[in-house]
Amino acid sequence: MKKTEPIIAVHGGAGTPNKNELNKEKESAYLNDLQTALLKGYEILQSGGIAEDAVVEAVKVLEDSPLFNAGRGSVFNSEGQHEMDACFASGENRKTGAIAGITRVRNPIVLARLVAEKTPHVFLSGPGAQKFAEISGVELMPDEWFFSTHRFQQWQDARKLEEIWLDHGEKKFGTVGAVARDKLGRLAAATSTGGMTNKRFGRVGDTPIFGTGTFADNKLCAISCTGHGEYFIRYVVAHQVASAMQYGRLNLQEAAWNVLNGILLEDGGEGGLIAIGPQGDPVLAFNCAGMFRAWVDTQNNFHASIF
Ligand code: ASP
């Protein structure tokens, strides 16, 4: 394998953040957690670690932050629970693992990786995934860990309006993910989410579905998506990007832009993605007002922004 510069990018959800709501203090709190996650992953890559470890460790930092809609900061579903989805994808032989509809797990991304590494399966959901969490030794937390007044109020507001909210509009910011390329050019992606506020019990979004919200293949790209999951599933977004590269001969930037701003947006699907290919800088693209994101480029420059 050819040696490359290690690269990592992370996101904390895309959408239309309310600029009035997002004061300077809050903005820097979000950016600070994104940079901490980025650095955590980057240090692993710099010291010769593998892309798989870098994305999982970066996502763990964001799952532990109450600011993002994943792990600790997960939104409430219609039953007042936190049902979480996550997917781990390695570019090596498309090794992937996912879980959906789990509760009480501190770091769902760790459980998703265990599905890939300790079971013959790719995707566990609901009670079976929960049982796997209990026997696999991942850290389980009491309900209080996932409670915040802000999230509770969000749920009450959504319930009153009988709506289901993407955690991206006014007052709401979302899902987390990471993509990385290590020194040997191996790629990996990880995505984790609490889904949508007031979502129906049992609803699964794009995040844990390989090829829609998360994807990795060393020869093509690693992708982590964020946005309105139902649309991302219908348009198989991550795999569309990879296919546009493989069969349409587009580069990663063009492929991502075309998918997000073409069929997806035409149908009303709002969101974004972060992606990395076998060479070059990461791509961070979105078809809405902003995406919480941080990345390091091939010149070792660090960046973090929202809009
Ligand atoms: N894509 C996630 C879902 O639909 C939500 C998000 O990205 O915030 O579950």
Side-chain angles (χ1 to χ4, degrees), residues 1-2 4-11 37-38 41-42 44-45 49-60 62 70 85-100 108-117 119 121-123 175-193 205-226 232-233 236-247 250-253 255-256 259-260 272-285 293 295-296:
M1 255 175 174
K2 214 167 89 192
T4 66
E5 278 303 310
I7 288 289
I8 181 162
V10 298
H11 73 77
L38 185 79
Y42 187 66
I44 291 169
L45 298 174
I50 57 174
E52 297 176 7
D53 289 337
V55 293
V56 169
E57 291 305 319
V59 164
K60 276 169 69 182
L62 299 171
D85 306 335
C87 183
F88 159 83
S90 161
E92 297 272 286
N93 304 320
R94 298 204 180 185
K95 181 177 87 185
T96 181
I99 47 98
I109 197 62
V110 172
L111 192 62
R113 185 177 186 175
L114 286 177
V115 173
E117 296 183 345
T119 82
H121 306 301
V122 164
F123 199 159
T175 294
V176 306
V179 292
R181 179 176 70 229
D182 63 30
K183 286 186 177 174
L184 289 180
R186 291 169 296 214
L187 308 180
T191 317
S192 181
T193 190
D206 61 312
T207 298
I209 304 174
F210 184 79
T212 68
T214 312
F215 177 82
D217 183 317
N218 284 348
K219 293 193 199 72
L220 295 167
C221 55
I223 301 180
S224 171
C225 299
T226 168
F232 277 65
I233 294 172
V236 202
V237 168
H239 196 258
Q240 278 276 1
V241 173
S243 298
M245 294 172 74
Q246 188 171 17
Y247 306 114
L250 299 186
N251 66 37
L252 182 55
Q253 174 82 44
V259 174
L260 288 173
L273 60 84
I274 55 174
I276 187 88
Q279 278 105 35
D281 285 325
V283 168
L284 301 97
R293 61 202 188 279
W295 70 102
V296 54

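Checked by atom type and distance alone, the side chain of R181 pairs as donor or acceptor with a backbone atom of G277 at under 3.5 Å. Although no hydrogens or angles enter the test, the distance criterion places a donor-acceptor pair under 3.5 Å between the side chain of N251 and the main chain of Q253.
For the side-chain hydrogen bond (donor to acceptor under 3.5 Å, both in side chains) criterion with T193, the lone passing option out of T226, D206, T175 is T175. For the side-chain hydrogen bond (donor to acceptor under 3.5 Å, both in side chains) with T214, the lone residue among T191, T96, D85 that qualifies is T191. Screening D182, L45, V296 against P6 for a side chain to side chain contact (heavy atoms under 4.5 Å, CB included) leaves a single residue, L45.
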Next on the checklist: Applying side-chain contact (heavy atoms from CB on, under 4.5 Å) to V56 and F88, what does each step give before you reach the verdict?
Outcome noted: CA-CA 8 Å; V56 169; F88 159 83; 3.7 Å; yes

Checklist entry - Between E52 and E117, is a side-chain contact (heavy atoms from CB on, under 4.5 Å) present by the stated rule, with each step listed? => result CA-CA 12 Å; E52 297 176 7; E117 296 183 345; 3.7 Å; yes

Checklist entry - H11 and L284: side-chain contact (heavy atoms from CB on, under 4.5 Å), yes or no, with the steps? => result CA-CA 9 Å; H11 73 77; L284 301 97; over 6 Å; no

Next on the checklist: Between W295 and R293, does the side-chain contact (heavy atoms from CB on, under 4.5 Å) criterion hold? Intermediate values first, please.
Outcome noted: CA-CA 7 Å; W295 70 102; R293 61 202 188 279; 3.9 Å; yes

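Residues meeting the side-chain hydrogen bond (donor to acceptor under 3.5 Å, both in side chains) test with T212, sequence neighbours left out: none. Legend: residues meeting ring-ring contact (aromatic ring centres under 6.0 Å, His included) with Y42, ordered by chain and number and at least two apart, are F302.
Residues I223 and C225 are in side-chain contact: their nearest non-hydrogen atoms beyond the backbone lie under 4.5 Å apart. With contacts defined as side-chain heavy-atom distances shorter than 4.5 Å, the pair R113/D53 qualifies. Contact annotation: the side chain of L187 approaches that of I276 to within less than 4.5 Å [non-hydrogen atoms, C-beta and beyond].
The two residues V179 and I274 make their nearest non-hydrogen contact at CG1-O, 3.7 Å. Heavy-atom minimum distance, S192 versus A70: O-CB, 3.4 Å. Considering all non-hydrogen atoms of both residues, A256 and L273 come closest at CB-CD1, 3.9 Å. Between P208 and I99 the shortest heavy-atom distance is CB-O, 3.5 Å. Residues A222 and A188 approach most closely at CB-O, 3.4 Å, considering heavy atoms. Across all non-hydrogen atoms, the minimal contact from I109 to A190 is CD1-CB, 3.6 Å.
Ring geometry for F215 versus H239: interplanar angle over 60°, hence perpendicular rather than tilted (30 to 60°).
K219 contributes atom NZ, which lies 6.0 Å from atom CG of D217 (distance to the nearest 0.5 angstrom). Taking CG from L220 and OG from S243, the interatomic distance works out to 8.0 Å, rounded to the nearest 0.5 Å. Note that the CG atom of L38 and the CD1 atom of I8 stand 6.0 Å from one another [nearest 0.5 Å].
Under the 4.0 Å criterion applied to side-chain N and carboxylate O atoms, K183 and E5 are not assigned as salt-bridge partners. Using a 4.0 Å cut-off between charged nitrogen and carboxylate oxygen, E92 and R186 do not count as a salt-bridge pair.
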